[in-house]
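What follows is a set of notes on a single structure, which appears directly below.
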Amino acid sequence: VEYLVCANTPIDTLDELKKSIETLNKTGEACKKAGINFCYHNHDMEFKEVEGQMPYHMMLSQTGADTVKMELDLCWVTKAGVDAVDLFKQHPGRFPLWHVKDLDKEKQGPLPVGEGIVDFKKIFANAKTAGMKHFFVEHDMPKDAFASITSSYNYLTKTLGV
């Protein structure tokens with residue numbers, strides 16, 4: 001096992017957020033001792049203020065950069081109105097894993113990669129700054145999974161050359 005990913009943690013109050021950050025740090029330390037990379041996977045809720053604080057920014061600033069990395073979901077970070085490349089520049093090397101999925105213009109739901117508003121060209125151009133090692137194409141609950149993955153694959157290989 002190369003990576004262990006936490007997909008969610010309680011952050012509805014500042015106390016919950018602080019306890020979650022403490023748990024993320026402890027888990028990151030334990031994973032490091034075991035030779036496993038530990039990452040946190042975001043949704044858009046981590047970018048909504050909790051008692052005047054931005055959970056995702058607290059997570060990045062209050063966890064160890066060498067023990068807690070991020071699996072950045074490009075759809076949800078875009079839905080939250082946050083520029084992924086700005087995050088990469090503020091925290092270089094901290095984003096080894098990405099969930100690659102697109103978002104419709106109304107910011108209501110995922111689309112196949114390349115069919116929505118996520119600026120994949122800009123994001124992939126900054127993969128080195130991010131520290132990206134692996135990315136995962138994802139589309140939550142598509143009407144036709146095979147059509148979605150085919151469209152996403154074609155966009156990534158033909159347009160981005162990845």
Side-chain angles (χ1 to χ4, degrees), residues 1-103 107 110-111 113-114 116-140 152 155-156 159-162:
V1 174
E2 188 176 351
Y3 291 92
L4 173 68
V5 178
C6 174
N8 203 341
T9 190
I11 60 167
D12 292 327
T13 67
L14 197 53
D15 284 340
E16 282 183 343
L17 179 56
K18 288 177 182 178
K19 288 177 186 172
S20 290
I21 289 170
E22 182 180 328
T23 300
L24 293 174
N25 277 317
K26 287 179 182 177
T27 305
E29 287 293 335
C31 284
K32 185 177 181 179
K33 288 178 186 174
I36 299 171
N37 297 292
F38 179 61
C39 296
Y40 181 78
H41 172 80
N42 69 283
H43 298 84
D44 63 331
M45 68 182 188
E46 291 86 355
F47 299 97
K48 294 177 182 169
E49 283 194 8
V50 173
E51 299 176 37
Q53 299 293 320
M54 188 69 62
Y56 201 73
H57 297 303
M58 285 181 67
M59 289 176 178
L60 283 165
S61 66
Q62 296 179 22
T63 58
D66 62 330
T67 55
V68 180
K69 304 288 185 181
M70 300 292 160
E71 178 181 60
L72 191 66
D73 190 306
L74 301 175
C75 175
W76 298 134
V77 75
T78 301
K79 182 175 182 173
V82 175
D83 186 327
V85 174
D86 287 345
L87 288 174
F88 302 159
K89 290 177 180 177
Q90 293 165 9
H91 305 277
R94 199 89 190 258
F95 304 90
L97 306 179
W98 296 353
H99 270 198
V100 177
K101 62 185 174 192
D102 219 331
L103 181 65
K107 295 187 175 183
L111 290 173
V113 178
I117 63 170
V118 177
D119 191 348
F120 292 106
K121 289 180 184 179
K122 178 181 171 186
I123 293 169
F124 273 86
N126 287 275
K128 186 175 181 179
T129 302
M132 191 266 287
K133 303 286 184 208
H134 306 283
F135 67 88
F136 311 94
V137 175
E138 181 183 31
H139 184 163
D140 304 337
S152 296
Y155 176 81
L156 287 166
T159 305
L160 297 181
V162 294

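The first residue in the sequence is number 1, and the count goes up from there.
- For residues 44-55, every residue pair satisfying the side chain to side chain donor-acceptor pair (under 3.5 Å) rule, not counting sequence neighbours, is listed here: Tyr40-Glu46.
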Which donor-acceptor pairs under 3.5 Å do side chains of residues 30-38 form with protein atoms, sequence neighbours excluded?
residue	atom	partner	partner atom	Å
Lys32	NZ	Asp66	OD2	2.8
Asn37	ND2	Glu2	O	3.2

Worked check of side-chain contact (heavy atoms from CB on, under 4.5 Å) between Val77 and Trp98: CA-CA 11 Å; Val77 75; Trp98 296 353; over 6 Å; no

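- Between the side chain of Asn25 and the backbone N or O of Gln62, at least one donor-acceptor pair lies under 3.5 Å.
- Taking CG from Asn126 and NZ from Lys89, the interatomic distance works out to 5.5 Å, rounded to the nearest 0.5 Å.
- Residues that satisfy the side-chain contact (heavy atoms from CB on, under 4.5 Å) test with Lys19, not counting sequence neighbours, are absent from this structure.
- In this view, Asp83 and Lys122 satisfy the salt bridge (Lys or Arg N to Asp or Glu O under 4.0 Å) rule, not counting sequence neighbours.
- Gly28 and Val68 make their closest contact through CA-CG2, 4.3 Å (heavy atoms, listed as atom of the first residue, atom of the second, distance).
- For the salt bridge (Lys or Arg N to Asp or Glu O under 4.0 Å) test, residues two or more places apart in sequence or in another chain that qualify with Glu22 are Lys26.
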Pair up each side-chain donor or acceptor in residues 3-15 with any protein partner under 3.5 Å, not counting sequence neighbours, and list the distances.
residue	atom	partner	partner atom	Å
Thr9	OG1	Ser20	OG	2.7
Thr13	OG1	Glu16	N	3.0

Considering only distance and modelled atom types, tabulate donor-acceptor pairs under 3.5 Å from the side chains of residues 131-140, sequence neighbours left out.
residue	atom	partner	partner atom	Å
Glu138	OE1	His99	ND1	2.6
Glu138	OE1	Lys101	NZ	3.3
His139	ND1	Ser148	OG	2.6
His139	NE2	Pro110	O	3.4
Asp140	OD1	Lys101	NZ	3.3
Asp140	OD2	Lys101	NZ	2.9

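- With sequence neighbours left out, Thr159 forms a side-chain contact (heavy atoms from CB on, under 4.5 Å) with Lys121, Tyr155.
- Considering CD of Glu29 and OG1 of Thr63, their distance stands at 10.5 Å, rounded to 0.5 Å.
- Between Lys107 and Lys79 the shortest heavy-atom distance is O-CE, 3.2 Å.
- In this structure, the side-chain contact (heavy atoms from CB on, under 4.5 Å) partners of Val118, at least two apart in sequence or on a different chain, are Leu74, Thr78, Asp102, Leu103, Phe120, Ile123.
- Annotation for His43 and Trp76: closest pair C-CB, 3.5 Å, computed over non-hydrogen atoms.
- Checked against side-chain contact (heavy atoms from CB on, under 4.5 Å), His91 has the following partners two or more places apart in sequence or in another chain: Leu60, Arg94, Phe95.
- Counting all heavy atoms, side chain and backbone alike, Lys69 lies closest to Gly93 at NZ-O, 3.5 Å.
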As a quick check of understanding, evaluate side-chain contact (heavy atoms from CB on, under 4.5 Å) for Thr27 and Thr23, giving each step before the final call. CA-CA 6 Å; Thr27 305; Thr23 300; 4.0 Å; yes

